[in-house]
Amino acid sequence: QVQLVESGGGLVQAGGSLRLSCAAHGSIFTINTMGWYRQVSGNQRELVATITRGGTPNYADSVKGRFTISRDNAKNTVTLQMNSLRPEDTAVYYCNALVIVATPPVRSLEVWGQGTLVTVSS
């Protein structure tokens with residue numbers, strides 16, 4: 001019923017920048033918190049940044065001052081601007097959203113994107 005479509009991953013040199021975007025599609029009444037998580041093969045998925053519907057961000061300590069999360073409630077999108085990238089930022093990045101589904105029964109649904117690979121070379 002609801003899908004998250006990500007874009008913007010790729011290969012970049014250390015110190016460079018990338019911008020990840022995520023758009024939610026489907027039977028959406030509203031979206032509460034949206035965010036980005038990342039996972040390195042063999043490790044647990046970890047929080048990168050989240051943002052409330054009201055625009056309050058929350059960042060992992062490792063990305064504070066380098067990454068910026070933003071969202072457009074009218075378009076149901078969330079964006080992660082990543083600057084000063086480091087090799088340790090290499091991971092698959094996943095978009096996440098807490099969606100209130102419009103189709104009855106109205107309910108809250110946690111949705112994940114398919115993931116986009118970010119590779120930072122040294």
Side-chain angles (χ1 to χ4, degrees):
Q1 286 185 317
V2 179
Q3 289 184 324
L4 300 180
V5 179
E6 300 148 340
S7 61
L11 173 64
V12 64
Q13 287 188 331
S17 299
L18 280 175
R19 187 180 182 88
L20 304 183
S21 296
C22 172
H25 302 279
S27 181
I28 299 169
F29 177 71
T30 190
I31 302 178
N32 291 326
T33 301
M34 302 185 80
W36 292 92
Y37 292 72
R38 65 188 181 188
Q39 187 171 24
V40 176
S41 180
N43 291 356
Q44 286 190 332
R45 194 170 295 185
E46 64 177 15
L47 178 145
V48 176
T50 61
I51 186 167
T52 67
R53 180 168 180 79
T56 301
N58 177 55
Y59 297 98
D61 288 342
S62 59
V63 306
K64 282 181 181 177
R66 301 187 297 123
F67 291 10
T68 301
I69 189 169
S70 60
R71 65 186 285 174
D72 185 328
N73 292 332
K75 296 180 180 179
N76 290 329
T77 59
V78 62
T79 300
L80 185 69
Q81 177 66 43
M82 305 185 292
N83 299 329
S84 302
L85 283 161
R86 305 167 180 167
E88 53 264 38
D89 294 319
T90 296
V92 177
Y93 284 70
Y94 295 90
C95 179
N96 174 272
L98 296 179
V99 178
I100 305 298
V101 177
T103 304
V106 176
R107 63 197 183 280
S108 177
L109 188 67
E110 183 176 29
V111 186
W112 291 92
Q114 78 282 2
T116 185
L117 177 62
V118 171
T119 303
V120 184
S121 63
S122 57

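Hydrogens, waters and symmetry mates play no part in the numbers below; they use all other heavy atoms, side chains included. All residue numbers in this chain count up from 1 along the given sequence.
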- 4.5 Å side-chain heavy-atom contact, Ile31 and Asn73: no
- Query: Rounded to the nearest 0.5 Å, how far does CG of Asn96 lie from CE of Met34?
  - Reply: 8.5 Å
- Task: Starting at CG of Leu47, measure out to CG of Asp61 and round the result to the nearest 0.5 Å.
- Result: 10.5 Å
- Task: Hey, could you give me the OG/CD1 distance between Ser27 and Ile100, rounded to the nearest 0.5 Å?
- Result: 11.5 Å
- Using a side-chain heavy atom cutoff under 4.5 Å and only I, L, V, M, F, W and Y, what cluster partners does Val40 have? none
- Is there a chain of hydrophobic side chains (I, L, V, M, F, W, Y, each step under 4.5 Å between heavy atoms) that links Val101 to Val106? no
- Does the side chain of Asn58 reach to within under 4.5 Å of the side chain of Thr33, using non-hydrogen atoms? no
- Task: Give a yes or no on whether Ile28 and Leu109 share a hydrophobic cluster (residues Ile, Leu, Val, Met, Phe, Trp, Tyr; joining criterion: side-chain heavy atoms under 4.5 Å apart).
- Result: yes
- Message: Taking salt bridge (Lys or Arg N to Asp or Glu O under 4.0 Å) as the cut-off, I'd like each qualifying pair that reaches into residues 45-58, sequence neighbours left out, listed once.
- Response: Arg38-Glu46
- side chain to side chain donor-acceptor pair (under 3.5 Å) contacts in which one or both residues fall within residues 111-122, not counting sequence neighbours: none
- Just how far is it from atom OG1 of Thr79 to atom CH2 of Trp36, taken to the nearest 0.5 Å? 7.5 Å
- Applied to residues 1-22, the ring-ring contact (aromatic ring centres under 6.0 Å, His included) test, sequence neighbours excluded, yields none
- Distance from His25 atom NE2 to Leu4 atom CG, nearest 0.5 Å? 8.5 Å
- Task: Kindly indicate whether the side chain of Tyr59, heavy atoms from C-beta on, has any atom under 4.5 Å from the side chain of Thr68.
- Result: yes
- Note on the structure: Heavy-atom closest pair (Gly35 atom, Ile69 atom, distance to 0.1 Å) is CA-CD1, 4.1 Å
- Query: Is there a side-chain contact between Cys95 and Val78 (heavy atoms, below 4.5 Å)?
  - Reply: yes
- Any salt bridge (Lys or Arg N to Asp or Glu O under 4.0 Å) involving residues 65-83? Give me the pairs, sequence neighbours left out, ordered by first then second residue. Arg66-Asp89
- Query: For the hydrophobic clusters of this structure (ILVMFWY residues joined by side-chain heavy atoms under 4.5 Å, transitively), does one cluster hold both Val2 and Tyr37?
  - Reply: no
- Note on the structure: Applying side-chain contact (heavy atoms from CB on, under 4.5 Å) to Val118 and not counting sequence neighbours gives Leu18, Leu20, Met82, Tyr93, Val120
- Compare every heavy atom of Gln81 with every heavy atom of Ser17, then report the nearest pair and how far apart it is. CB-NE2, 4.0 Å
- Item | Cluster check Val48, Val111: I/L/V/M/F/W/Y, side chain < 4.5 angstrom | yes
